[in-house]
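To start, the structure under review is shown below, and the notes come after it.
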Amino acid sequence: MQITEIYKSIQGESTYAGMPCVFVRLTGCNLRCSWCDSEYTFSGGHRMAIEEVLGEVERLSPDGGVVEITGGEPMLQERELLPLMQRLLDAGHSVLLETSGERPLEKVSKGVVKIVDVKCPSSGEGDTFNLENLEALESRDEVKFVLSNRSDYEFARDFTLRHDLARKVNAVLFSPAFSKAAKGLRDASHCLLDPRELAEWMLADNVPARLNLQIHKFIWDPAMKGV
Ligand code: SF4
């Protein structure tokens, strides 16, 4: 597998936010989101065998715990990723898979929690979610929308309601996008959409979703990698 980095930190998003987590970040992505903060994953990395990845995860988190598979787009390495995730489940880990949902997800083990980041129009990749993946969503999964403005919010709200997401999955997450140039101050001034404004819209519309802030951006310098 082509791996950019493996490290332990605090999970910053989803309903697992705040928990210790080992991140396995795979190299390569087929999308180019305008606000992407992971462009360093687009190339480079180093080859690791499944056994080597497992060994590094066990070294960082010997007693089980949460592991997130992220990228880049991890499903581009599906052939090796699917057995890796099964091995992690078998070893007693909770496994999260962060994916855009552009690639088919039906072969992902039901034990894996899929966190599907449906791209909104302002990302520049708005039509990339594969609607057939709605059938692959399970009650433990989560669907995330990263929002830059009112148009993104309306897209996310309408998508959530049209596909009845709140009844299909464990959580629907509305997350303000962070400026990829953000550094220094650890506050909401770097959000492309003011969280307070988003909260007011969600309350006004009674959207069945939860406001999701990337808490790692508030703990460490937003420009820091590997946290
Ligand atoms: S899918 Fe993720 S890694 Fe790929 S460009 Fe978008 S935000 Fe960046």
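As the structure lists them, so they are numbered: ligands from 1, and atoms in each ligand from 1. Note that the structure is predicted; figures quoted are calculated from it, not measured.
At the top of the distance list for atom 6 (Fe) of ligand 1, counting protein heavy atoms only, stands C33 SG, 2.3 Å.
Contact analysis puts K119 in contact with ligand 1, with a non-hydrogen atom separation below 4.0 angstrom. Every heavy atom of E73 sits 4.0 Å or more from the atoms of ligand 1. Ligand 1 has no atom lying under 4.0 Å from any heavy atom of S100.
Nearest heavy atoms, P121 versus F155: CD-CG, 3.6 Å.
At least one N, O or S atom of C29 sits under 2.8 Å from atom 4 (Fe) of ligand 1. For a distance bound of 2.8 Å, the N, O or S atoms of C36 include one lying that close to atom 8 (Fe) of ligand 1.
Below 4.0 Å from some heavy atom of L31 lie the following atoms of ligand 1, by number and element: 5 (S). In summary, the atoms of ligand 1 found under 4.0 Å from a heavy atom of G72, numbered by their order in the structure, are 3 (S). Near W35, meaning under 4.0 Å from any of its heavy atoms, are these atoms of ligand 1: 7 (S).
The backbone N or O of L31 sits nowhere less than 3.5 Å from a side-chain atom of K119 that would complete a donor-acceptor pair. Panel note: side chain N212, backbone F174; no donor-acceptor pair is recorded below 3.5 Å.
At a heavy-atom distance under 4.0 Å, only side-chain atoms of F42, from C-beta outward, approach ligand 1.
Seen from the ring of W201, R150 counts as a face-on cation partner, given the 6.0 Å and 45° thresholds. Cation-pi check for R32 over F42 is met; the charged atom lies under 6.0 angstrom from the ring centroid and within 45 degrees of its normal.
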Open item on the list: Could you walk me through whether E98 and K144 satisfy the salt bridge (charged side-chain N to carboxylate O under 4.0 Å, His left out) test, starting with their C-alpha distance in whole Å, then the side-chain angles of each, then the deciding distance to 0.1 Å, before giving a yes or no?
Closed with: CA-CA 10 Å; E98 170 99 14; K144 176 174 79 167; 2.8 Å; yes
TODO: Evaluate the side-chain hydrogen bond (donor to acceptor under 3.5 Å, both in side chains) criterion for residues E5 and H46: first the C-alpha distance (whole Å), next the side-chain angles of each, then the deciding distance (0.1 Å), finally the verdict.
DONE: CA-CA 9 Å; E5 57 189 356; H46 52 282; over 6 Å; no
